Amino acid sequence: MTRVAICGGDELRAACEVLGLEPTTLAPRAVLVDLRIAGAAAAAAGFAADIPRIVVATSEQATWLRSLGGDHTPIAQSADAAVIGPLVARCLPHPARQRTRVITVTAARGGTGRTLCVANLARRIAEHTTVLAVDATGSGSLGWWLGVEARSWSELDALAGELRAEHLQLVATSVRPRLSVAGGPPVVPSAALLGMAIAAARELADLVIVDAPVLADERARAAAARSDRVLVLGYADPASLSALIAADVPSGAWLIGAQGPIAGAFRDLPRDERSISDALRARDAVDGQLGRSYDDLAELLAIDAA
C-alpha cells in the first residue's frame, strides 16, 4: 500500500480510501494538498520539499500557482478518486527493473530438449553480447552441442567455499568469441557449488544461461533462486502436465511448449525433427522452423537483458 500524507479534508481522505492509499505522517511517498481547505498549505510545508505533491485547487488558485512557476506540480480541480488516482501514479518514482543477467532453463521432466534449447539460445545471443553457458547437469551434453569438450566440475570442487570469477574463468572453455561454457563430466556439481559458480559467472559475462536438471532437483532450485529469468520446458501429454502441476514452478517463469502448443505457454516451439537431425550431424545451431522459433525467443531474452 502506498503511504501518502493528506493535507486536506474528508473529501481527500475518502478518495485515498477508494484508491487504497495509506495516510501517514512518517516518510510519505507523496503529499496530497487540498488548497480549498484552510491550513492545508501550511501543513504541507512541514514535509520535505523533495517529496512529490499533488494539489487540489480552485481555478483561481491553479492560475496563481502556475504564475509562480508551479507548472511541474500536478493540479486537480477535484478531489475525486478518478481524478487524483492517475496524478498519484504519475508522480511516484518508478524503480527501474533490473536487467536480466542469469537465465535458467529447466523442465518438469526429462527429454524436453532443454540442452538443445540452451545451446541454441547461447549461440544466438552471443552474436551480440558475451554469454557464459553453464552445464548444471554434469553430463557434458551442453559442451557437445556447442562443439567443445567442457572441463570437469571436479576442477572446481576444491574451491567450493571460495570460488571466485578468476577461478571460473580458468576452467571455462571458449566456444568462439563472446561464448564460453563451464562445467563438464563426470562430476555433477553440488547445489552450493553451482550457486557460487553462477555468482562468479555474472562477473565474467553479460548473460549467463544455465542448463539445469528437472525442477525437482536441488540444483535446478539453486539455479532458479539465483536467476533473473527462468524458462520451464514441457510437453502437452498428460504425464508431462501432471509432472508440471506437481513441480514447484518459480513465480514469473516462462512456460515453453517443447514440441507444440501447451496451455498457458509463453512460447511454443514447433516439432521439427528434420532440423534437429541436421543440427545433430553437424553439431551446429538448429535451422528451419525450430531455428526461427529459437531466433524469436533469443531476441526476446536479449531485449530482457538490455
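In this chain, residues are counted from 1 in sequence order. For clarity, every value in this text was computed on a predicted model and none was experimentally measured.
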Tabulate below the donor-acceptor pairs under 3.5 Å that side-chain atoms of residues 238-255 make, not counting sequence neighbours, or state none.
| from | atom 1 | to | atom 2 | distance (Å) |
| --- | --- | --- | --- | --- |
| Ser240 | OG | Arg109 | NE | 2.5 |
| Ser240 | OG | Arg109 | NH2 | 3.1 |
| Ser240 | OG | Asp237 | OD1 | 2.6 |
| Ser240 | OG | Asp237 | OD2 | 3.2 |
| Ser242 | OG | Pro238 | O | 2.9 |

TODO: Determine yes or no for a side-chain-to-main-chain donor-acceptor pair under 3.5 angstrom, with Ser227 supplying the side chain and Val230 the backbone.
DONE: no

- [ ] Work out which heavy atom in Ala205 is nearest to a heavy atom in Val131; give both atom names and the distance.
- [x] CB-C, 4.0 Å

Task: Arg292 and Asp287: CA distance, side-chain angles, deciding distance, salt bridge (Lys or Arg N to Asp or Glu O under 4.0 Å) verdict - done: CA-CA 7 Å; Arg292 290 190 290 275; Asp287 292 321; over 6 Å; no

TODO: Establish, from distance only, whether the side-chain atoms of Gln77 and Thr58 form a donor-acceptor pair under 3.5 Å.
DONE: no

TODO: Please check if Leu194 and Val181 belong to a single hydrophobic cluster, counting links between Ile, Leu, Val, Met, Phe, Trp and Tyr side chain heavy atoms closer than 4.5 Å.
DONE: no

TODO: Of all the heavy-atom pairs spanning Leu12 and Ala79, show the shortest one and how long it is.
DONE: CD1-CB, 4.1 Å

Open item on the list: Please give me the minimum heavy-atom distance between Ala172 and Ser180, naming the atom from each residue.
Closed with: CB-CB, 4.4 Å

Open item on the list: With a 4.5 Å cut-off on side-chain heavy atoms, are Trp145 and Asn120 touching?
Closed with: no

TODO: Kindly check if the number of other-residue, nucleotide or ligand heavy atoms within 6.0 Å of CD (Glu127) is above 12?
DONE: yes

Open item on the list: Taking the basic N atoms (NZ, or NE/NH1/NH2) and the acidic carboxylate oxygens, is any pair closer than 4.0 Å for Glu11 and Arg36?
Closed with: yes

Open item on the list: Please tell me whether Ser78 and Asp80 have a donor and an acceptor in their side chains that are separated by less than 3.5 angstrom.
Closed with: no

Task: Close side-chain approach of Ile209 and Leu121, heavy atoms under 4.5 Å - done: yes

Open item on the list: Could you check whether atom CD of Glu166 has more than 12 heavy atoms from other residues, nucleotides or ligands sitting under 6.0 Å from it?
Closed with: yes

- [ ] Please determine if Arg221 and Asp217 form a salt bridge, counting it only when a charged side-chain N lies under 4.0 Å from a carboxylate O.
- [x] no

Task: Contact summary for Val286 and Ser275, nearest pair of heavy atoms - done: CG1-CB, 3.8 Å

- [ ] Would you kindly confirm whether Val148 and Leu280 end up in one hydrophobic cluster when ILVMFWY residues are joined by side chain heavy atoms under 4.5 Å apart?
- [x] yes

Task: Test item: Ile276 and Leu290 side chains (from C-beta on) under 4.5 Å apart, heavy atoms - done: yes

Task: Tyr235 side chain to Gly111 backbone, donor-acceptor under 3.5 Å - done: yes

Open item on the list: If you define the side chain from C-beta out and look only at heavy atoms, does anything of Leu233 sit under 4.5 Å from Cys117?
Closed with: yes

Open item on the list: Can you tell me if Arg283 has over 12 outside heavy atoms packed within less than 6.0 Å of its CZ?
Closed with: yes

TODO: Any chance you could measure Leu132, atom CG, to Gln169, atom CD, to the nearest 0.5 Å?
DONE: 10.0 Å

TODO: Could you check if a side-chain atom of Leu163 sits within less than 4.5 angstrom of a side-chain atom of Leu156, using non-hydrogen atoms only?
DONE: yes

Task: From CD (Glu299) to NE2 (His128), nearest 0.5 Å - done: 8.5 Å

Open item on the list: Using the rule that Ile, Leu, Val, Met, Phe, Trp and Tyr join whenever any side-chain heavy atoms are under 4.5 Å apart, tell me whether Leu116 and Leu300 fall into a single cluster.
Closed with: yes

Task: salt_bridge(Arg202, Asp228) N-O dist < 4.0 Å - done: yes

- [ ] Specify the closest pair of heavy atoms between Thr100 and Leu207, including all atoms of both residues, with the distance to one decimal.
- [x] O-CD1, 3.7 Å

Task: Hydrophobic cluster identity match, Leu168 and Val210, side-chain contacts under 4.5 Å - done: yes

Open item on the list: When you measure from the side chain of Glu149 to the backbone of Gly143, do you find a donor-acceptor pair of N or O atoms at a distance under 3.5 Å?
Closed with: no

TODO: Indicate yes or no: does Arg101 engage Asp206 in a salt bridge with an N to O separation below 4.0 Å.
DONE: no

TODO: Please tell me if the side chains of Leu26 and Arg3 come closer than 4.5 Å, counting only heavy atoms from C-beta onward.
DONE: yes

- [ ] Inspect the contact between Asp296 and Arg267 and indicate whether a charged nitrogen and a carboxylate oxygen are less than 4.0 angstrom apart.
- [x] no

Task: Taking every non-hydrogen atom, the tightest pair across Ser141 and Thr115 - done: C-CG2, 3.8 Å

Task: Min side-chain heavy-atom separation Ile54-Val31 under 4.5 Å - done: no

Open item on the list: Could you see if Val102 belongs to whatever hydrophobic cluster contains Met196? Use Ile, Leu, Val, Met, Phe, Trp, Tyr and a side-chain cutoff under 4.5 Å.
Closed with: yes

TODO: Side-chain contact test, heavy atoms from C-beta onward, threshold under 4.5 Å: evaluate it for Val4 versus Cys16 and give yes or no.
DONE: yes

